[in-house]
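Here the structure is laid out as structure tokens; the discussion comes afterwards.
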Amino acid sequence: MVLADLGRKITNALRSLSNATIINEEVLQSMLGEICRALLEADVNIRLVKQMRENVRGAIDFEDMASGLNKRKMIQTTVFQELVKLVDPGTKAWQPVKGQSNVIMFVGLQGSGKTTTCTKLAYYYQRKNWKTCLICADTFRAGAFDQLKQNSTKARIPFYGSYTEADPVIIAQEGVEKFKEENFEIIIVDTSGRHKQEDALFEEMLQVYNAVTPDNVIFVMDATIGQACESQARAFKEKVDVASVIITKLDGHAKGGGALSAVAATKSPIIFIGTGEHIDDFEQFKTQPFIRKLLNMGDIEGLIDKVNELKLDENEELVEKLKHGQFTLRDMYEQFQNIMKMGPFSQIMSMIPGFNDFMTKGHEKDSMDRLKKLMTIMDSMTDDELDNKDGAKLFTRQQSRIARVARGSGTLPKEVHELLIQYGKFAQMVKKMGGMKGLFKPGGMDKNVNPSQMARLNTHMAKMMDPRVLHQMGGMQGLQSMMRQFQQGSGGGNK
Ligand code: GDP
């Protein structure tokens with residue numbers, strides 16, 4: 001069962017409380033039964049499911065509870081807390097230290113997604129401005145080095161490995177020494193896997209471990225094996241000092257709930273989860289936001305993190321221009337780059353309450369492709385055109401520019417024209433925003449802009465957006481609820 005289904009089933013069960021006229025033992029038991037069935041279907045261990053049921057039951061005292069409203073709320077809160085407990089290992093995860101070399105060694109069975117995850121983690125830290133690199137000490141699987149090399153090159157991450165050296169210990173040691181000398185902060189070592197847990201794998205793991213003395217060992221596990229994760233995690237923990245776990249393939253037909261709860265049961269902190277094959281399909285794992293998102297309650301914290309990652313407010317030049325209602329084609333280009341950096345739309349969308357596409361993908365690809373195409377078109381523009389205060393006018397005055405850009409970017413003149421129209425709408429919007437007093441004052445829009453101004457801004461935003469994108473975002477209503485969430489989130493009122 002996909003995690004989204006699990007979430008939906010639990011949400012439905014919780015909703016049955018709101019629909020019931022009276023809340024009594026029978027209603028509670030029926031709801032708990034539904035939730036437990038869903039958890040078992042997701043391969044959560046029966047012992048854990050039983051424990052959770054007992055915990056919820058034990059926390060509810062009907063005699064003690066006054067009104068119906070309180071009962072519902074209390075039961076729902078208790079279920080939420082127990083679900084959080086189910087995936088909470090109760091141990092704190094290791095954190096790298098800025099300004100020094102942090103060596104991270106990856107271990108796991110072959111095919112678990114180890115190499116892919118090494119690059120995802122490196123990319124994650126690189127985006128947060130850590131000086132990051134990768135070492136391929138997997139000499140067992142043919143092609144592992146090529147895969148790592150290809151991935152790192154694509155993501156522009158420095159890497160180390162060898163086609164000729166067969167000893168993983170030597171490669172790991174050399175790589176770590178080299179990168180430490182060069183003051184890298186995050187040094188990730190990928191090691192070999194085997195198809196099953198066997199002595200040769202553990203032996204090699206230990207040798208590499210002793211050679212590089214890592215600050216953190218990350219164990220990568222495939223969610224599709226469900227609760228079998230528990231024995232695997234224990235076996236690895238016995239051999240090396242596994243400090244953290246990353247669970248991959250939580251996007252698939254996974255027995256994801258089973259995998260997560262099983263790992264939590266071994267008290268190994270889950271630090272990230274893999275939700276797809278792409279380098280961006282990677283999320284930091286935090287228990288509360290995870291369950292909130294599972295139950296479609298949204299993950300405002302994650303959303304704010306993503307937006308903060310972009311450091312929009314540090315872009316003083318842009319803010320200054322916006323204040324004066326200016327917006328060039330290059331500004332638009334940079335904004336598109338930002339959107340691409342945030343990762344696939346679905347990731348962003350799934351963090352917003354009410355958007356029921358937890359970990360489902362596919363439909364956002366069109367928008368990303370469109371965005372890429374628009375950027376390709378702008379790549380063929382001259383600096384003059386990009387930096388002009390009203391770039392679109394240059395093109396209307398001299399139509400030959402359109403043909404030139406179309407030729408240069410391998411697109412149709414019609415497409416260049418469409419881009420200019422889109423730009424025109426953005427620029428108009430920025431003019432409106434520039435005129436809105438208070439928008440750029442400290443404290444942001446939630447403090448300084450009144451509701452009617454906000455509503456106008458929303459309408460303008462909707463107008464300026466590509467209708468297809470707007471549709472994906474749940475139309476006008478979806479957009480408004482997103483804006484509201486942004487505001488509430490930045491005001492810190494979401495906890
Ligand atoms: P390794 O042998 O452990 O290094 O495994 P790889 O990194 O080569 O991954 C094995 C396969 O799993 C590849 O096809 C990856 O694209 C795929 N994979 C890795 N992580 C994920 C994930 O989170 N979701 C999905 N759907 N596939 C993944």
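Small disclaimer: the values here were computed from a predicted structure and weren't measured. Both ligands and their constituent atoms are indexed starting at 1 by order of listing. Keep in mind that the numbers below use all heavy atoms, side chains included, and drop hydrogens, waters and symmetry copies.
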Would you call L250 a ligand 1 contact, heavy-atom distance under 4.0 Å? no
Among all protein heavy atoms, pick the one closest to atom 3 (O) of ligand 1 and tell me residue, atom and distance. K114 N, 2.7 Å
Note: K178-E174 ion pair, threshold 4.0 Å (strictly below): no
Main-chain N/O of G90 paired to K267 side chain as donor or acceptor, under 3.5 Å: no
Under 4.0 Å from one or more heavy atoms of L109, ligand 1 contributes atoms 3 (O)
Is it the case that atom CD1 in I46 sees more than 12 heavy atoms from other parts of the structure closer than 6.0 Å? no
Contact check: R141 vs ligand 1, nitrogen or oxygen atoms, below 3.5 angstrom: yes
How far is atom 6 (P) of ligand 1 from its nearest protein heavy atom, and which residue and atom name does that atom have? T116 OG1, 3.5 Å
Hey, is D281 one of the residues with a heavy atom under 4.0 angstrom from ligand 1? no
For N45 and S261, test the side chains for any donor-to-acceptor distance below 3.5 angstrom and give the result as yes or no. no
closest protein heavy atom to atom 10 (C) of ligand 1 is G111 O, 3.8 Å
Look at atom 28 (C) of ligand 1 and say which protein heavy atom is nearest, naming residue and atom and giving the distance to 0.1 Å. K249 CG, 3.7 Å
Main-chain N/O of W130 paired with T132 side-chain donor or acceptor, under 3.5 Å: yes
Proximal ligand 1 atoms for G274, defined as those under 4.0 Å from one of its heavy atoms: 23 (O)
Just checking K131: does its NZ atom have more than 12 heavy atoms from other residues, nucleotides or ligands closer to it than 6.0 angstrom? yes
Do the side chain of D215 and the main chain of V103 share a donor and acceptor less than 3.5 angstrom apart? yes
In sequence, state the C-alpha distance, the side-chain angles, and the governing distance for T117 and F272, and then conclude on side chain to side chain contact (heavy atoms under 4.5 Å, CB included). CA-CA 9 Å; T117 310; F272 285 89; over 6 Å; no
Note the single closest protein heavy atom to atom 20 (N) of ligand 1, along with its residue, its atom name and the distance in Å. T248 CB, 4.0 Å
Proximal atoms of ligand 1 relative to T115 (non-hydrogen, under 4.0 Å): 1 (P), 4 (O), 7 (O)
Please state which option from Q110, E277, Q147 has its nearest heavy atom closest to atom 16 (O) of ligand 1. E277
Nearest protein heavy-atom contact for atom 22 (C) of ligand 1: which residue, which atom, what distance? G276 O, 3.1 Å
Sub-4.0 Å heavy-atom contact, G108 with ligand 1: no
Please work out, at 4.0 Å between heavy atoms, whether the side chain, the backbone, both, or neither of D251 comes within that distance of ligand 1. side chain
Identify the protein heavy atom lying closest to atom 5 (O) of ligand 1, giving its residue, its atom name and the separation to 0.1 Å. G113 N, 3.1 Å
Electrostatic pair K98:E185 at N-O distance under 4.0 angstrom: yes
Hey, are K85 and D88 close enough for a salt bridge, meaning a charged N less than 4.0 Å from a carboxylate O? no
Atoms of ligand 1 close to T275 [distance to a heavy atom under 4.0 angstrom, numbered from 1]: 23 (O)
Report, in ascending order of atom number, the atoms of ligand 1 lying under 4.0 Å from any heavy atom of K120. 23 (O)
salt_bridge(R234, E230) N-O dist < 4.0 Å: yes
Sidechain N-carboxylate O distance under 4.0 Å for K120, D281: no
Please confirm whether G193 approaches ligand 1 to less than 4.0 Å, judged on its heavy atoms. no
